[in-house]
There are 2 protein chains.
Amino acid sequence: MSSSKASGIGRASGADKASGADKASANGKSTTGRPYHHGDLRRAILTAALDAIAVDGPSGLSLRDLARRAGVSHAAPAHHFKDRAGLLTAIAAEGFGLLATALREAADLKEAGVRYVRFAREHPAHFQVMFAPELLRAGDLELTTARALASDALREAVTTVPPEGRGADARLAGVAAWSLAHGFATLLLSHNLDGPVGDRDPEEVFRVLAEMLFRRGE
Amino acid sequence: MSSSKASGIGRASGADKASGADKASANGKSTTGRPYHHGDLRRAILTAALDAIAVDGPSGLSLRDLARRAGVSHAAPAHHFKDRAGLLTAIAAEGFGLLATALREAADLKEAGVRYVRFAREHPAHFQVMFAPELLRAGDLELTTARALASDALREAVTTVPPEGRGADARLAGVAAWSLAHGFATLLLSHNLDGPVGDRDPEEVFRVLAEMLFRRGE
DNA sequence: AGGCAATCTTGTCATTGTCAAGTTGCGCGG
DNA sequence: CCGCGCAACTTGACAATGACAAGATTGCCT
């Protein structure tokens, strides 16, 4: 039951491929002018994959289905991402990059946690893939550097925690914050907190949790 | 009778519930036995699946491979578990049952968290499947009841938190504890804490984190 | 203009999940 | 004691998928 006809991301849009007339839009983005070679298929497949993953999870992803959605042949994705693992690795790397920039703007550790949760909610597909190691190519350079970037951003945020937070070991404070945020985000995405959180804003709920963790004398 | 030690997931342990078909071959003798109908294939496939999942993750699971490992034909698993989702659902249900009994023996909320982490480490395959909703049959009765059981056990543990834990809302304290434990366990299993935790005992590390959360005046 | 390399297509193969019959052997009612 | 039914498995088939190998097409560079 695949359904999900083309349309949406791909070109389609009624243009036969021989349309040599319109080659404008060198910067792929507009909905109409795909310069034959699809403009940039790589992006199209990535976004199609993100859509699919957000719905069915990374396991249900089908390269052929993505190709169909993008309106290209079944082997086209393999040219950009070598195989399934390659595609997912690219997604994970992109996710770590996005997360790194999101964390970098955080004022303190609590705010970093809030941004972590927000990231998971705004990019659920990225988030899921990022933490599914058995689906990724472990050694990939782009992935490891992006992950290191995000890791640095988190580490930097940890330094902002007030030292009188009796955790003593700053590293453990970081692990605590990461665990709390990651667990909350994961449970949220897997709909395990629908009851407790209810209709409250998840980020506000998390703020309360974070305050429980980093309760200073104040 | 099901309250045997939790570590016994080995092979051919007592069945969990129904399956009243086995009466003659109740005793597991047979070194070469293979009472033709394989004894109990259901258990064999479950344990084979747990092994495979622990190595390759739930996504890489192949029913045909499990059948091969069990020495049966490729369609044999389908008779016990209707399909892939059925098998994984059975695993998840079993996992929630195990988790429920593990949590029930906890003295307080912190200890419940420790047991949560221990469960994840001792039953990584169960744990991964339990929180991969898109792989499960959502409406399954056995699953939902087992999940409710575990949820009750956790809720009960929450009541043991000292009320002066300034979280005020007991529900939020539960969410905090769950998030912390779940995040720690998840990051642990995905090898994201190999650095920070190092060679220390993860449960001890988690104890420190839990103390950061539920710091009372003391 | 001509060639080259990137991009995409077509074709193919092994593997897998799932369904639809068959087959085997145990136990139960007669 | 016996055959009959039923549960546990087997055999066979089919569509879908991932991956690979060549071939076709086009933009670009010189």
Send over the distance from [X] [atom1] to [N] [atom2], rounded to a whole Å.
| X | N | atom1 | atom2 | answer |
| --- | --- | --- | --- | --- |
| A:Asp40 | C:dC8 | CG | C1' | 14 Å |
| B:Ile45 | C:dG17 | CD1 | P | 12 Å |
| A:His80 | D:dG18 | NE2 | C1' | 17 Å |
| B:Leu61 | C:dT18 | CG | P | 11 Å |

To the side chain of A:Leu41, which of D:dT10, C:dG17, C:dC8 is closest? C:dC8
So if I take every side-chain heavy atom of A:His79 and compare against D:dT10, C:dT7, D:dG18, which nucleotide ends up nearest? C:dT7
CD/A:Glu203: more than 12 non-hydrogen atoms of other groups inside 6.0 Å: yes
Parallel, tilted or perpendicular for A:Phe127 and A:Phe119, by the 30°/60° rule? perpendicular
Base versus backbone protein contacts along nucleotides 19-24 of chain D [heavy-atom cut-off under 4.0 Å; B, S, -]: BB----
Respond yes when some side-chain nitrogen or oxygen of B:Ser62 is under 4.0 Å from OP1 or OP2 of C:dG17, and no when none is. yes
Please tell me if A:Arg68 has a side-chain N or O lying less than 4.0 Å from either OP1 or OP2 of D:dT17. yes
Using the salt bridge (Lys or Arg N to Asp or Glu O under 4.0 Å) rule, take B:Arg207 and B:Glu111 through it: C-alpha gap first, then chi angles, then the decisive distance, then the call. CA-CA 8 Å; B:Arg207 244 180 254 272; B:Glu111 203 57 31; 3.0 Å; yes
Which residue pairs satisfy the ring pair (Phe, Tyr, Trp, His ring centres under 6.0 Å) criterion with at least one member in residues 186-207 of chain B, sequence neighbours excluded? B:Phe184-B:Phe206
Could you list the residues that satisfy side chain to side chain donor-acceptor pair (under 3.5 Å) with A:Glu142, not counting sequence neighbours? none
Determine whether B:Thr144 and B:Leu141 make a side-chain contact, defined as any pair of heavy atoms from C-beta on separated by less than 4.5 Å. yes
